[in-house]
> 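Encoded as structure tokens, here's the structure I'll be asking about.
Along the sequence shown, the residues carry numbers beginning at 1. What you see is a predicted model, and the numbers here were worked out from it, not measured in a lab.
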Amino acid sequence: MRIPEHKFGIYLLACVCGLVDVTSFVGLHGVFSAMMTGNMLLFAVALSEGQPFELGFKYLRALIGFAVGVIVATRMMKACGAGNRSRKVFWFVWLLIGLAMLLAFWRQPETHHLLRDVLVNLLSMSMGAMTVIIRVHGIPDLATTLFTGTYTALIAESPLGGSKSDRWLRRLISILLFISSAALGGYLAKINPAYTLGLAFVVMSMAMVIFQKSAQEQADPPS
């Protein structure tokens, strides 16, 4: 069975999410750019310790950045129109990751706190925008930023859960890609977060090529 090229693109986006999120967590002092549940929990911990600003503001910044990404992507998709034309918003995600990469190569975030905060905002915005696009154009159970549902479905619809689904393979692949890319990204982020963002940008660019080719084939079907 031939796997559609656009599905390969979605798999690549799972890698991008792993790379970007681990960059934020390892390279930018324990902040998530995609997993907002983690930021909410850590912000709640900061509140419980009576340090909402000293410890909690960095998580709040990520939550706000993610929300901005969601809002901008939603409005851009409406402006682009229905159908595959709204996929063009992926270029917004590509641009944000590319800008973050350039800034990280320009100056080491570890020694420049303002730059680190800007990177958190950019990466959170990119993941918020990606989440919105995947909600519309994604493949069911093939996760990129939200893996809890995919992990739950993988177990629930398995022999262990008393059922069987033909979606198990793509669920498992997306989870493994996320873990492997995050593992590699975590190693690189300890050396320099710019390296991880550079790899994320390359993988995102590959996904964009696949999406662009898929859009052209759908616009010009073979006669």
Side-chain angles (χ1 to χ4, degrees), residues 3-42 59 62 66 69 90 93-94 96-97 100-101 104 109 119-120 122-124 126-135 137-161 164-208 210-211:
I3 299 177
E5 287 188 349
H6 72 276
K7 184 180 289 189
F8 284 118
I10 301 294
Y11 282 132
L12 290 177
L13 293 184
C15 295
V16 171
C17 178
L19 291 167
V20 169
D21 220 17
V22 80
T23 301
S24 296
F25 191 78
V26 175
L28 303 176
H29 290 224
V31 182
F32 293 103
S33 57
M35 299 181 187
M36 292 299 108
T37 302
N39 287 329
M40 292 178 187
L41 178 62
L42 292 171
Y59 308 116
F66 190 91
F90 272 126
V93 179
W94 179 84
L96 290 173
I97 295 175
M101 175 196 67
L119 290 176
V120 169
L122 289 174
L123 297 178
S124 298
S126 71
M127 292 298 98
M130 182 186 290
T131 302
V132 168
I133 307 169
I134 292 299
R135 288 182 70 245
H137 294 291
I139 299 172
D141 300 317
L142 207 170
T144 59
T145 57
L146 305 173
F147 281 88
T148 301
T150 302
Y151 183 62
T152 302
L154 177 65
I155 299 172
E157 298 182 17
S158 70
L160 292 175
K164 185 178 181 181
S165 173
D166 57 0
R167 297 178 178 178
W168 70 271
L169 182 59
R170 69 187 186 198
R171 292 166 178 163
L172 181 61
I173 290 175
S174 64
I175 292 172
L176 292 179
L177 284 174
F178 176 84
I179 293 174
S180 58
S181 61
L184 174 60
Y187 173 78
L188 293 175
K190 290 180 180 179
I191 302 173
N192 189 337
Y195 297 160
T196 315
L197 291 179
L199 181 57
F201 183 73
V202 170
V203 176
M204 185 69 193
S205 298
M206 293 169 59
M208 293 303 300
I210 292 174
F211 292 144

> Using 0.5 Å steps for rounding, measure from the CZ atom of Phe201 to the CE atom of Met208.
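Taking CZ in Phe201 and CE in Met208, the distance rounds to 10.0 Å.
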
> Grab the two heavy atoms, one from Ala14 and one from Phe178, that are nearest each other, plus how far apart they are.
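Ala14 and Phe178 have their closest heavy atoms at O-CD1, 3.8 Å.
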
> Please examine the side chains of Leu28 and Leu123, heavy atoms only from C-beta on, and report whether any two atoms are closer than 4.5 Å.
yes

> To check you understand the geometry: which heavy-atom pair defines the closest contact between Phe66 and Thr131, and what is its length?
CZ-OG1, 3.6 Å

> Looking only at heavy atoms, what is the nearest atom pair of Val20 and Met127, with distance?
CG1-CG, 4.0 Å

> Search all heavy atoms of Phe32 against all heavy atoms of Ser24 and return the closest pair with its distance.
C-CB, 4.2 Å

> Would you say the side chain of Val120 lies within less than 4.5 Å of the side chain of Ser124, judging by non-hydrogen atoms?
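Yes; the side chains approach each other to less than 4.5 Å.
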
> Nearest 0.5 Å please: distance from the CD1 atom of Ile173 over to the CZ atom of Arg171.
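Spacing of CD1 (Ile173) from CZ (Arg171) equals 12.5 Å.
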
> To the nearest 0.5 angstrom, please state how far the CG atom of Leu13 sits from the OG atom of Ser174.
11.5 Å

> Does Thr23 use its side chain to pair, donor to acceptor, with the backbone of Thr196 at less than 3.5 Å?
no

> For the side-chain contact (heavy atoms from CB on, under 4.5 Å) test, which of Leu177, Val202, Asp21, Ile97 pairs with Val16?
Ile97

> As an exercise, state the distance from CG of Leu12 to SG of Cys17, rounded to the nearest 0.5 Å.
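Reported to 0.5 Å precision, the distance equals 13.0 Å.
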
> May I ask you to test the Met204-Val93 pair for a side-chain heavy-atom distance under 4.5 Å?
yes

> Are side-chain heavy atoms of Ile10 and Ile134 found at a separation under 4.5 Å?
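Yes. Closest side-chain heavy atoms under 4.5 Å.
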
> Between Leu119 and Ala104, what is the shortest heavy-atom contact and its length?
CD1-CB, 4.3 Å

> Does any part of the side chain of Leu199, heavy atoms only, come nearer than 4.5 Å to the side chain of Tyr195, both counted from C-beta?
no

> I'd like to know whether CE of Met206 has more than 12 heavy-atom contacts from other residues, nucleotides or ligands below 6.0 angstrom.
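Atom CE in Met206 is not packed in, count stays at 12 or less.
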
> Taking side chain as C-beta onward, heavy atoms only, is Val31 less than 4.5 Å from Phe25?
no

> What's the shortest heavy-atom distance between Gly27 and Ala189, and which atoms?
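Minimum heavy-atom contact is N-CB, 4.4 Å.
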
